[in-house]
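Here's the structure we're looking at; comments come further down.
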Amino acid sequence: MNPVALAARQNWQGFWQHNVPDWLFWGKTALAALLGLWLAYRFQLDSPGTVVITVFIVMQSRNGMVLSKSFYRAIGTIVGSVVALLLVAAFPDARFGFLAGLALWVGFCTAGARYFRNFQAYAFVLAGYTAALVGVPAALDPSHAFYIWVARLSDVMLGIVVASVISAVVFPQSLEHLLRQTAQRRLQHFLQNTLRVLDGGVPRADWIVLHLEAIQETLQLDSYRSSSLFENAQSRRQDELTRQMIADMMDASGALHLLNSHIRRMQRPGLAPLYDRMKELTDQLREDFEQLQSTLQQTKAIPIHMPVQKVLERVVGQLQAMRRELRASLSQSQALALDSLILLLTRFLVEMLRYLASYDRFQNPNLEPVGSSLPLTTGRMQPGSSKAYFDRQPTEIVQPLSAALRSMLVLAAVAFFWLQEDWPSGPLALIMATIFSALFSTFPNPLSAVRQMGFGAVGAFLAALVFSLELLPRVQGFTLLALVLLPFFLIPPWLLTRTRWTRVAAGFGIFFPQLAIPANDQAFSYTQMLNTGVAELLAIFLVGIAFFLVFPVGNGWERRRLLMRLHNWVVRVASDKALPDLRSQFEFESREYLRLLAADLAPQQTRDVEALREAMRLNELAEAILQLRILLSMQTDWEHPLQRYQEQYLAPLLRIIQQSPEIPATAEYWARVRAILDAVAKLPEEKVDPALHPILPPNALFQVYVHVIASVSRRLSGAAVEEEPPHAR
């Protein structure tokens, strides 16, 4: 094929893969919105705009995501509506009692939304603000409470049904393909990070950015996995394979993090000769991974773990030869650095092999599970024993409680102003403030979400003015109304496909139908539209102020609490006996705490950068302690040297860690670390035990991990350490 024809074919493939799915999504969303609007008019529903809003909220690019969101929206709507009726029945004439009960319910649901993840959190949000949507109008007119409840359920359920049917019938797009694409993209980025580490290490500031990007991709991958359960039976059968792949990916990321730190440390002047020899090996290893990356991009062939299996066997032989050749001529610190490189590199390759094998099984479930060729001490205790569970994000009680309290304060402030001033638009402002305070509490950076939603609301308000003043008076019949509304209905899905403008799309999709679409058998009122728009914008403004003043995300107190949670993980890995499942849980939770710390990171603020560095070091310290405990737990023979090391050296150190309020600040802690370092430096040379490691003897394995623990502890306490070369920072 000539170059021109090849370029044309590639352009057409790119257009088909990236542009056509977006166009289909735009068309399907607009079609579902128009169909829902027509049915709402046909069935004489009270609020056709609510049907359209539901379509915009529920409609997603993939069928599984639509079904998942529809399911949880239906549950939240039903529960919230029932609670609203109960509140109205309990306080028929007591407005303050009703508002107090509503505030407590909204606070409870906001805390639940902050506690859970994905669409489970969305169900709590819906249950909270649906109680306000149904309860406030019903409390103002108790005799029609049941009618208001039925009307709300009818509007929402019609929008859900229309969106689900259109998504499943009109050019359905499976979520399975997107899930596989996301898994492949995560693997590609992991290989890119690996290449950078093998090329001399990634500077600390850049590594934090890469780490956060990996966290976001992992959460997105799990979100797709959660939604795919609603799509078909095959996706449900593959759920465990997906969880296993994510767990193995996080384990490999932890191993790569320690390897990156050690490669940077090996660039110090005292280790330069050793670094030169290491560079020869890592350069060859980079070529292997570059070839693997190229193969993955071009052919997407599986199984892809087979080349890494051969690379692992070759690297083990090279490291054995290097240790035999250099060991006698190295100083004590250089020998320790060499042993650290051997352990961390072999462990990373084993974890990488497990990750690739899990990826192969994810792509082809018929493949047989693959075990590692190295001992389990370099990884976890039993293959396939740990899986990732993300449905409930790790948090502490302070975060749900602060979100609940914030929502209750916003509701109380708007209700007080409404009752004191007898504001005609007060009920609407109360409803919208309740919706936004609950909804934005689930976002990592709510202030940014409020700002974008505000832009969408302003755009919807202006578009509604243009539509109602210039276009609506000239419209007769639904056909012409549909043609006039079509350009406006295309705006939300178009914005939604632009990642930077997803909150703007939500703002426009919620506010435009509410402001512009006329209700059944009611004259359109420009005054009511203006009052509604002003009330909604004021509600967004008030919620933004609340998120800025009341327990703002990233405040110093919350950051200290998150750092304390990471410190608690150091204590936990030093004391918890359930080692097989502990590592997977640690990898997930520590990454989530880091993501929360960086939610509103300001790079120009020194304290923010220091908080992230401290978090990364606590993570590294916990990882080293956990790996050392796994190493020691592999031996049940009390005559084995490792068991003697544990009783004589490690057990006292772990007891200090468990009892220390801050690590590693106490004098007793440092005295114990210094004593262990002095003692392990004089350990007698043991024979290599193949059950533990094919290259390093037991005493070297123990020395490496103790050295890592001491090194990270020094950096955590601010003790003087050798500076890294400028290019490695």
Side-chain angles (χ1 to χ4, degrees), residues 23-60 66 70 73 77 133 137 147-148 150-172 428 456-457 459-496 505-533 536:
W23 289 13
L24 288 175
F25 174 62
W26 304 342
K28 289 166 63 175
T29 303
L31 175 62
L34 292 174
L35 178 60
L37 182 61
W38 180 78
L39 290 173
Y41 285 135
R42 187 75 173 176
F43 296 151
Q44 296 291 306
L45 298 183
D46 286 347
S47 179
T50 301
V51 178
V52 177
I53 292 172
T54 302
V55 170
F56 283 142
I57 292 176
V58 169
M59 203 66 177
Q60 303 287 313
V66 175
S70 298
R73 183 173 180 85
T77 300
L133 280 168
Y147 175 80
I148 294 171
V150 172
R152 173 68 186 177
L153 280 180
S154 301
D155 295 337
V156 172
M157 292 305 172
L158 178 60
I160 288 174
V161 171
V162 170
S164 301
V165 170
I166 293 297
S167 176
V169 173
V170 181
F171 299 106
L428 177 61
F461 184 69
L462 297 176
L465 285 177
V466 172
F467 172 80
S468 59
L469 294 175
E470 297 295 331
L471 301 177
L472 187 60
R474 298 177 172 84
V475 170
Q476 291 184 353
F478 183 80
T479 302
L480 191 56
L481 177 65
L483 290 175
V484 174
L485 284 173
L486 181 60
F488 297 98
F489 283 0
L490 287 171
I491 292 176
W494 177 78
L495 289 172
L496 198 60
F508 192 96
I510 291 173
F511 288 103
F512 178 79
Q514 188 177 31
L515 295 171
I517 295 178
N520 263 314
D521 300 329
Q522 293 183 12
F524 188 82
S525 172
Y526 296 105
T527 302
Q528 182 180 358
M529 189 198 73
L530 290 173
N531 288 336
T532 299
E536 290 173 343

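Bear in mind the structure is a predicted one, so any value in this text is a computation, not a measurement. In what follows, residues are counted from 1 in the order of the sequence shown.
With sequence neighbours left out, the ring pair (Phe, Tyr, Trp, His ring centres under 6.0 Å) criterion links Phe488 to Phe467, Phe512. Under the side chain to side chain contact (heavy atoms under 4.5 Å, CB included) criterion, Ala40 pairs with Leu45, Pro48, Val51, Leu158, not counting sequence neighbours. Evaluation of the side chain to side chain contact (heavy atoms under 4.5 Å, CB included) rule for Phe171 yields Leu24 as partners, not counting sequence neighbours. Residues satisfying the side chain to side chain contact (heavy atoms under 4.5 Å, CB included) criterion with Leu490, sequence neighbours excluded, are Trp26, Ala30, Leu486. Under the side chain to side chain donor-acceptor pair (under 3.5 Å) criterion, Ser164 pairs with Ser70, sequence neighbours left out. For Gln514, the side chain to side chain donor-acceptor pair (under 3.5 Å) partners at least two apart in sequence or on another chain are Glu536. Residues that satisfy the side chain to side chain contact (heavy atoms under 4.5 Å, CB included) test with Val170, not counting sequence neighbours, are Lys28, Leu31, Ile166.
Contacts classified as salt bridge (charged side-chain N to carboxylate O under 4.0 Å, His left out) and involving residues 32-42 (residues at least two apart or in different chains) are not found. The side-chain hydrogen bond (donor to acceptor under 3.5 Å, both in side chains) analysis of residues 49-59, with sequence neighbours excluded, yields the pairs Ser47-Thr50. Note on residues 462-487: pairs passing salt bridge (charged side-chain N to carboxylate O under 4.0 Å, His left out), not counting sequence neighbours, are Glu470-Arg474.
The shortest non-hydrogen separation linking Gly159 to Val55 is O-CG2, 3.7 Å. For Asp46 against Asp155, the heavy-atom pair with the smallest separation is N-OD1, 4.5 Å. Considering every non-hydrogen atom in both Ala32 and Ala163, the closest pair reads CB-CA, 4.4 Å. Closest approach of Pro513 to Val52, counting heavy atoms only: CG-CG1, 3.8 Å. Contact record, Ala505 with Pro492: CB-O, 3.4 Å, taken as the closest heavy-atom pair. Heavy atoms only, all atoms of each residue included: Gln60 and Val66 are closest at N-CG2, 3.3 Å.
Leu465 places a side-chain heavy atom less than 4.5 Å from the side chain of Leu530. Side-chain contact between Leu515 and Phe461: present, with at least one pair of heavy atoms (C-beta onward) separated by less than 4.5 Å. Residues Val165 and Leu35 form no side-chain contact, since every pair of their non-hydrogen atoms from C-beta on lies 4.5 Å or further apart. Side-chain contact between Ile53 and Phe56: absent, with no pair of heavy atoms (C-beta onward) separated by less than 4.5 Å.
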| request: Applying side chain to side chain contact (heavy atoms under 4.5 Å, CB included), run through Leu485 and Leu37 and close with a yes or a no. | output: CA-CA 11 Å; Leu485 284 173; Leu37 182 61; 3.5 Å; yes
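In this structure, Trp494 CH2 and Thr29 OG1 are separated by 14.5 Å, a value rounded to the nearest 0.5 Å. Here Leu133 contributes atom CG and Ile148 contributes atom CD1; the two are 11.5 Å apart, rounded to the nearest 0.5 Å.
Summarising the local packing, OH of Tyr147 is surrounded by 12 or fewer heavy atoms from other residues, nucleotides or ligands at distances under 6.0 Å.
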